[in-house]
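Following: one structure in structure tokens, then a few remarks.
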2 protein chains.
Amino acid sequence: MIKRTTLADIAKAANVSMMTVSRAINNKPGLSDELRQHILSLVEEMGYRPNTFARGLATSQTTTIGLVVPDNTNPFFAQIARGVEDAAFENLYNIFLVNTNEDAVRETAALETLWQKGIDGVILCSSRLSGQALEYQVQRFPAIVLVNRELKQSHANLITINVNDHRSAQRVLQHFMGLDRRVIAYIGGPANSFSNQRRLDGYKNGLRSAEIPYNPQLVMSTQPTTEGGREAAAVLLRRRPDVNAIFAYNDLVAVGAMQMCQELGKRVPEDVAIIGVDDIPLATIIRPQLTTMHVPLTHIGRLAMRALIDLIAGEGSSAAYQIEPELFIRDSA
Amino acid sequence: MIKRTTLADIAKAANVSMMTVSRAINNKPGLSDELRQHILSLVEEMGYRPNTFARGLATSQTTTIGLVVPDNTNPFFAQIARGVEDAAFENLYNIFLVNTNEDAVRETAALETLWQKGIDGVILCSSRLSGQALEYQVQRFPAIVLVNRELKQSHANLITINVNDHRSAQRVLQHFMGLDRRVIAYIGGPANSFSNQRRLDGYKNGLRSAEIPYNPQLVMSTQPTTEGGREAAAVLLRRRPDVNAIFAYNDLVAVGAMQMCQELGKRVPEDVAIIGVDDIPLATIIRPQLTTMHVPLTHIGRLAMRALIDLIAGEGSSAAYQIEPELFIRDSA
DNA sequence: TACTGTTACGTTAGCGCTAACTCAACACAA
DNA sequence: TTGTGTTGAGTTAGCGCTAACGTAACAGTA
């Protein structure tokens with residue numbers, strides 16, 4: 001390991017005070033351009049890099065944020081994380097990545113250690129915390145961005161980013177209507193998921209607009225995985241073999257449902273039309289290619305990071321972004 | 001934001017010196033159990049959490065490591081990252097995640113900022129750095145684990161973890177032989193990839209054992225994506241329509257190749273047998289399910305993290321782990 | 001009794017940096 | 001000449017913590 005060059009080393013070499021060096025490297029006024037150039041060249045030459053701990057201790061600012069996701073393996077969060085990381089890199093921020101495994105206890109523990117690290121802010125995705133616990137976290141961190149979650153009260157240091165699930169579901173139903181499908185099932189995600197609730201509302205709403213009565217038999221709840229989609233579809237098709245359209249919680253569920261349909265002898269999209277949500281890479285890999293509500297995941301990640309930076313800088317203000325997904329019509333519906 | 005409780009606050013409340021409190025919370029000897037208990041209860045009560053910056057500055061130890069991957073969106077790295085993160089969480093470590101986008105310049109920049117943060121160690125996956133640049137990084141960090149990359153010289157603070165690509169390729173060829181396939185193509189990854197080189201060697205070796213002459217016409221090089229697999233397979237099948245087995249660089253390439261085969265009227269596995277490497281989730285989602293060399297990715301991640309922790313603690317020593325993949329026979333071969 | 005070790009603490013100093021203040025030198029106006 | 005800014009530095013203090021050393025009190029040994 002290399003011994004680090006410190007501010008003091010530079011100061012000695014330049015025969016000035018540490019403060020002058022500090023001003024030079026932080027681009028602050030108070031010294032002649034000539035001297036600044038001289039110091040900067042010494043910095044370069046001696047390979048000086050500021051110690052982030054010392055700086056953090058002195059300023060109580062790190063250029064570090066926390067990114068909390070249920071599972072970075074899930075393409076949905078992987079894409080968001082990538083967007084966050086890209087924007088962070090461009091702005092010289094570093095990110096702590098933590099998985100919560102959809103577990104509120106682990107999520108709390110993660111936020112605890114992040115807080116100890118004194119980070120500047122958090123991007124919290126699909127939080128499973130209760131409203132109260134979330135309020136606590138919001139007021140303890142300097143800045144926080146909530147993705148896929150809302151909060152009743154607004155806070156000066158809080159920004160939320162949500163997909164317009166309600167309209168998303170309505171758009172899907174509208175497309176099914178255009179295809180003349182009337183027996184439309186909804187294979188939803190975990191019951192405690194907020195976006196699931198909103199999509200279900202949108203689904204009911206869409207039915208109402210088309211004057212189709214809502215039938216609980218056509219609504220399932222399952223894990224947001226292909227396996228979950230398979231199981232739910234199996235149960236659904238046994239219960240209601242006349243189903244001719246499925247709106248799935250996400251693409252993973254949609255793919256699972258699609259395969260189960262095919263295994264049970266249904267053709268997709270001829271017999272059963274299927275639409276997912278998210279537009280993960282798998283959607284275009286699978287055959288037939290999946291019709292889905294495209295959600296700009298990387299964009300959301302970048303947006304979250306930029307919003308957080310503004311919040312940290314005190315330039316942003318409380319806001320609630322709504323992301324409007326777009327229907328990408330491919331082969332499954 | 002909440003004003004933090006400091007060591008001094010606790011010390012004052014307990015009417016002891018800060019050092020005694022420090023000893024109590026760090027579980028070090030030098031005070032009575034009674035006093036320790038009293039202090040710990042005060043810590044609990046007053047909600048004290050040590051400031052990591054101050055501690056880092058005083059000890060030059062963070063409990064933080066860097067995880068550098070080409071792209072966290074790639075299921076291969078996502079799985080590894082998940083393993084790393086899980087092991088880190090269990091050991092109370094935090095991880096900085098950085099993407100390099102397969103770009104050596106960005107990789108260097110990433111390592112630079114990580115070094116500034118004074119992290120305890122790095123897990124560097126599929127590094128694109130030159131041997132020389134890598135040597136430099138190895139000697140600058142306290143501890144480093146290289147995944148999917150080797151280094152000629154060994155270092156006391158370095159551990160490498162590699163998949164046995166050579167044997168992997170041989171195993172694939174052996175399986176093809178068992179299926180009586182003799183016109184075997186290799187669709188490789190980027191030319192500058194090390195594992196690609198090793199797999200190609202294994203491929204050649206496997207051919208030699210079977211006394212099949214090596215034919216460059218049957219070897220392609222492409223991007224490690226489904227799109228890359230599609231393109232390469234299209235070219236390959238035009239050039240050699242008699243190909244009856246394809247060994248793909250990874251599962252993504254295998255899936256792309258499989259789809260192109262099907263689109264060109266070849267049945268998989270009857271006309272063309274296909275085997276990939278990695279066993280990402282997609283392998284069991286796609287139909288026919290992909291026969292592939294299973295690589296225990298999450299396990300590799302956990303192993304990397306544990307090895308790094310040992311290295312940091314000074315308990316580990318230079319080592320080169322070889323991971324032996326296993327052939328998972330499914331439907332594509 | 002004097003010496004030696006052990007236990008249970010306290011003191012000092014410093015990690016590397018920056019905020020906030022001080023101060024000298026000079027220019028310029030009244 | 002005196003007063004008033006302005007510029008370009010330096011000085012001081014402290015962020016919160018811990019390593020290393022110091023020390024008082026007591027027990028055990030010869």
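All values below were derived from every heavy atom in this structure, side-chain atoms included, with hydrogens, water molecules and symmetry-related copies excluded. Protein chains get the first letters and strands the later ones, always in sequence-line order, with residue 1 at the start of each.
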Cationic N near anionic O, under 4.0 Å, R306(A) to E90(A): no

Protein-nucleotide distance (I10(A), atom CD1; dT18(C), atom P), rounded to Å: 13 Å

Lys NZ or Arg CZ of R49(A) over W115(B) ring: under 6.0 Å, within 45°: no

Atom-to-atom span, CD of Q37(A) to P of dG8(D) - whole angstrom: 14 Å

K28(B) side-chain N/O to dT18(D) phosphate OP1/OP2 under 4.0 Å: no

Interatomic distance, L7(A) CG vs dT12(D) C1' [rounded to whole Å]: 16 Å

Atom pairs, protein N/O to nucleotides 22-24 of chain D N/O, distance under 3.5 Å:
none

Atom-to-atom span, CD1 of I39(A) to P of dA9(D) - whole angstrom: 8 Å

Length of the CD-P vector between E34(A) and dG8(D), whole Å: 11 Å

Rounded distance [0.5 Å steps], CD1 in I144(A) versus CD in Q137(A): 6.5 Å

Value rounded to 0.5 Å, distance of OG1 in T52(B) from CG in L57(B): 12.0 Å

Pairing of E85(B) and R106(A) as salt bridge, 4.0 angstrom limit: yes

Whole-Å distance separating the CD1 atom of I25(B) from the P atom of dC17(D): 7 Å

Contact state string [nucleotides 8-15 of chain C, B base, S sugar-phosphate only, - no protein heavy atom under 4.0 Å]: SBBB---B

Backbone N/O of V138(A) and side chain of N157(A): donor-acceptor pair under 3.5 Å: yes

Euclidean distance, atom NZ of residue K12(A) to atom P of dG10(D) [Å, nearest integer]: 15 Å

Sugar-phosphate only, base, or nothing, as touched by P50(A) at under 4.0 Å among non-hydrogen atoms: sugar-phosphate

Qualifying residue, where the test is side chain to side chain contact (heavy atoms under 4.5 Å, CB included) with E107(B) and the options are L124(B), V98(B), N101(B), V69(B): L124(B)

Main-chain N/O of R23(A) paired to N26(A) side chain as donor or acceptor, under 3.5 Å: no

Exercise: do K117(A) and T64(B) side chains pair donor with acceptor under 3.5 Å: yes

